[in-house]
Amino acid sequence: RRSSHNRLLIQTQISPDLLTVCSGHLSSMKFTVESIVLVVLACIAPQGAMSFSAISPGTAATSFGTSPSAESKSRTQRIMEKTSTTGQTGGAGGSSTYDAFLRAEANWERLKLSKEQNRNDFVFLDDNQVDAFVTSDGAQGNPAAWAKLREQQGKALDYDIAICGGTLGIFFATALAIKNPKLRIVVLEAGKLRGREQEWNISMDELEELLKLGVLTQEDIDAVITTEFPACRSGFKNREVTPLQGGYFTNGEIGYETTTANVLNLGVSPSMLLERVKQRFVAELNGAVKEMTRLQGVVSSDAMGAALDLGNGENGDHPNILTTSVVLDCMGNASPISRQQRAGMKPDGVCAVVGSCASGFDPETNLIGDIIYTNTEIQDKGNGSKLQYFWEAFPVNIGRNGKEPGSSPTKTTYMFTYMDANEMRPSLETLMEDYWDLLPAYQPSISDPEADLEVHRVLFAYFPTFRDSPLKPKWNRLLAVGDASGIQSPLSFGGFGALTRHLDRISTAVSEAVEKGLLSKEDLGDINAYTPSLSVAWMFQKAMSVRVGQNVDPKFVNRLLATNFEIMNEMGLRTMMPFLQDVIRVDGLAGSLARAFVADPTFLPQIVAHVGLPTLADWLGHVSMMTLYTGLHGAVSPVLTPFVDRMDDSPREQFKWRRRMEAWKFGSGSDYILPEEN
C-alpha cells in the first residue's frame, strides 16, 4: 500500500510460515516487483521476525538492513528524531517518537483498509477479527480466572471496583472513593501512571467541578496551572488576514473572527495533576494502584463476579488473577474491550490531529489562544479526498509564576481535520507534511519550521468515533466510561473536559449500582443512556467534512462557520460559551439556526445537499428528542425527585428513575451552568 509520498509502507513481522498462508491467495492479489522482493527476502530469512518501514520503491533489496540517509528522510522524520524522547506516556498524545508515529500510521492504514464485516469472517491482509478479550462463556478465557472465581464464590472478592486505564481512571477512582469510603478500589495501568509533559488546556469552571467533588483542592489547582491567558480566538477565513474586521459578507467573503474570554485559557501540567490525584487516592483514601500491569483479558459471571487476567506474575511462574464486582473500562478509544464489542464496525467519523510544541515564535504574538481557526479553503488531496484544515494554538508558560503574556516564545499548535476512514483518505504523514508547509502562513513570525523552531514534541493522533455512543455494555459487570464509551464530543474529542462534566454523574451512579448489586448489563446500561445532545453534535462534524468524491464549493465550510459564529457571538456568552465547551442546548441552537437562515437564506439548499436528506432527517429527530428532554428535565424531574427518593423498597426502580432523570438533564445540556452576561 503506497502512501501519497510513494513509499511502500510495510510494518509487520514475517516468518517462513507466511509462504504457506500466501499460497492460497496469490491468485487474487496483485504484487509489485518490490513487494515480491520483500516477501522472498522474508521467506528465505532465518527463523525470527524482520521489520520493514518506509522503504522506497526500487530500493527494497539494496535498502534491506540499512538505515536511510539524511537526504532520504522526510522532514517529519528529521524533526522527530531531533526531539527529546523523555516523558513518554500512554494515551492520546503521550508518545511522540518517530517509531510511535510509524505505528500510528500503520494502524491508520489498517483502519482505512478494513471493511464492515462479521468478525468471524477472515479476509487475507484485511483481517478485522478481534480476539475474545472479554467472555462470559465458562469454556473460554483463562481457566485460572474461572477457577479463582469459583474458589471465591460466596466469599469477598479481591475488590469492589477495578478500573482499567489510569490516566483518566484515577479521577474516577478518587471520586468513587470520596463518595463511598467503604468501596475497595484498584486502578490498573499498563505502564507508569504519569501524565504527559505537554499541557492539557481547560477552563476554570471545568477544574472547579473537580474541586466541588473533592478530587482536587484549591492548593492543587493553583499548583498544576502553569499557563493562563485571557481569551481564545475563533476564526474562519478563506485566506489569512489578521486582524480581520467585519462579517463574512461585509469584508468581501474573507471570513470572520472573534475572541471569547475564559474558555480553554488555562494550561495544566498533566504530570503534576495526576501525581497529586494519585497520592490523594492512595495515601488519603486507601486506594490501590497497580502500575506496569497490562490487562490480558476479562471473564464475567453474573453469579460470581468478574476476574481480570493480568498475565503470569512477576516471575512468570503463576497466573496473576484479580477478582472484582465490577470493571470500569477507562482505556480510551483504543480499548480492547470496546474494540471487541464494536468488532467489524468502521467508525462513523474520524478527527485526525497533528501538531507540535515548539519554541521560536515571536513572544508578542503569544498573547491569546486559538480554539478553532481556518485560513484556507477546502483542500483537494487527490483520489477524490477533500479536507478542511482547522488550527488550534495555545501559549505555553505565560500568565503564572510572574511570566507575563508576551514573554514566552513557546506555544503548542495543532492542525486537525474531520473525515471518515475511507481508504482514499491521505496518510498521517501527508497531514504532518501539510502541517509543516502551512504553519508559516498561520504563524508568520516563522518562515521555515525546521530551521526556525526548537521542537520539543511532535503530536499526532486520530480519534475514531461512533454514532452509537455512549456505548452500552454487552457483558454483565463491565461498563465503559470516558473515551472508551464515546461520551466525548465528536467535535473537540476533549476527553478531559468530558470527564469533568460527567464525573459526578457516573461516579454517583456506579457507587449506587455496586451498593445495591445492580451490575447486570441492563442496569449498567442505564448509566450510558441515550444522549440526544451528543447525537446532535454529529451533524456539525458531518457539515465540516467532505465525503470522498463529493463536489463542494471550496468556501463551504468557512461560509457556514463564519456566519454561525458571527450570529452566536451577537447572541452573547450564554450561546457561545456552551458551544465552545462541547455542550449543545436547545435555546442556543434554535436561536442561532433561525438567525442564520435570515442572514443567509440562499445557503440552506447547499447545506441540505452537503449533508444529505437522510442525515438531516436523523438529526432533526435528535433535536426533537433534545427538546423533549429539556422539557422533561425542567417540568417533570422536580416533581418526580421527592417520590424517587422515597422508593427505598424498590432499589432497581429507584436506580432506573434516577438514571432517567440524569439522562434528561445531561441529554438536553441542562447540566451546563450558563454564564452571566457582563
Side-chain angles (χ1 to χ4, degrees), residues 234-238 244-258 260 349 371-374 377-378 388 390 418 467 489-491 532-547 550-631 667-670 672 674 677:
S234 305
F236 310 96
K237 306 172 184 179
N238 292 315
L244 180 63
Q245 303 297 323
Y248 187 81
F249 295 108
T250 60
N251 59 31
E253 298 189 2
I254 297 175
Y256 174 78
E257 68 178 14
T258 186
T260 307
I371 191 170
I372 182 169
Y373 184 86
T374 66
E377 299 176 358
I378 293 172
Q388 175 67 63
F390 297 87
Y418 302 108
R467 297 180 66 181
S489 166
L491 297 177
S533 60
L534 183 66
S535 300
V536 165
W538 275 101
M539 175 69 164
F540 300 110
Q541 191 202 82
K542 189 79 172 178
M544 289 188 281
S545 61
V546 183
R547 297 188 301 274
Q550 183 179 14
N551 292 320
V552 62
D553 180 355
K555 298 179 180 179
F556 175 85
V557 173
N558 287 333
R559 178 179 174 180
L560 175 68
L561 293 176
T563 303
N564 279 276
F565 267 73
E566 183 178 2
I567 289 167
M568 288 193 294
N569 192 49
E570 292 172 352
M571 292 174 68
L573 289 177
R574 293 169 70 87
T575 299
M576 181 68 85
M577 287 288 284
F579 185 83
L580 291 178
Q581 292 182 279
D582 299 326
V583 179
I584 310 296
R585 292 171 53 96
V586 166
D587 47 7
L589 180 65
S592 59
L593 289 178
R595 294 189 185 198
F597 178 73
V598 173
D600 194 4
T602 61
F603 196 41
L604 182 60
Q606 292 187 47
I607 297 174
V608 174
H610 182 79
V611 301
L613 281 173
T615 300
L616 181 61
D618 180 69
W619 179 75
L620 290 173
H622 295 304
V623 172
S624 300
M625 291 302 296
M626 188 168 68
T627 305
L628 175 62
Y629 275 35
T630 302
S668 63
S670 300
Y672 186 86
L674 293 170
E677 296 289 356

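- Nearest approach of Ile378 to Asp553, heavy atoms of both residues: CD1-O, 3.7 Å.
- Across every non-hydrogen atom of Met568 and Ser592, the tightest pair is CG-CB, 4.0 Å.
- Each of Phe249, Phe597, Tyr248, Phe556 was scored for a ring-ring contact (aromatic ring centres under 6.0 Å, His included) with Phe603, with one residue passing: Phe556.
- A salt bridge links Asp587 with Arg585: the closest approach of a Lys/Arg side-chain nitrogen to an acidic carboxylate oxygen falls below 4.0 angstrom.
- Heavy atoms only, all atoms of each residue included: Ile567 and Ala599 are closest at CD1-CB, 4.2 Å.
- Taking each heavy atom of Val552 and His610 in turn, the nearest pair found is CG2-ND1, 3.7 Å.
- With a 4.5 Å cut-off on side-chain heavy atoms, Ile372 and Phe236 count as touching.
- In this structure, the side chains of Phe390 and Met544 come closer than 4.5 Å at one or more pairs of heavy atoms.
- Remark: the backbone N or O of Gly255 is paired with a side-chain donor or acceptor of Asn251 at under 3.5 angstrom.
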| query | Do Arg559 and Asp600 pass the salt bridge (charged side-chain N to carboxylate O under 4.0 Å, His left out) test, and can you show the C-alpha distance, the side-chain angles, and the key distance before you say yes or no? | reply | CA-CA 10 Å; Arg559 178 179 174 180; Asp600 194 4; 2.8 Å; yes
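- Tested against Met577 for a side-chain contact (heavy atoms from CB on, under 4.5 Å), the candidates Leu674, Thr260, Val583 yield a single pass: Thr260.
- A 4.5 Å side-chain heavy-atom check between Phe540 and Ile584 finds at least one atom pair inside the cut-off.
- For the pair Thr374 and Val557, the minimum side-chain heavy-atom distance is 4.5 Å or more.
- Side-chain atoms of Thr615 come within 3.5 Å of backbone N or O of Val611 as a donor-acceptor pair.
- Evaluated for a side chain to side chain donor-acceptor pair (under 3.5 Å) with Tyr256, the options Asn569, Thr563, Asn558 yield exactly one hit, Asn569.
- Here the straight-line distance linking atom CD of Gln606 with atom CG of Leu604 works out to 10.0 Å at 0.5 Å rounding.
- Proximity of a side-chain donor or acceptor of Glu257 to a complementary backbone N or O of Leu244 within less than 3.5 Å is detected.
- Taking 4.5 Å as the limit, some side-chain heavy atom of Met626 sits within range of a side-chain heavy atom of Leu589.
- Between the CD atom of Gln245 and the CD1 atom of Ile254 there is a distance of 11.0 Å, given to the nearest 0.5 Å.
- Considering all non-hydrogen atoms of both residues, Pro601 and Pro605 come closest at O-CD, 4.0 Å.
- When all heavy atoms of Ser234 and Leu580 are compared, the closest pair comes out as OG-CD2, 4.0 Å.
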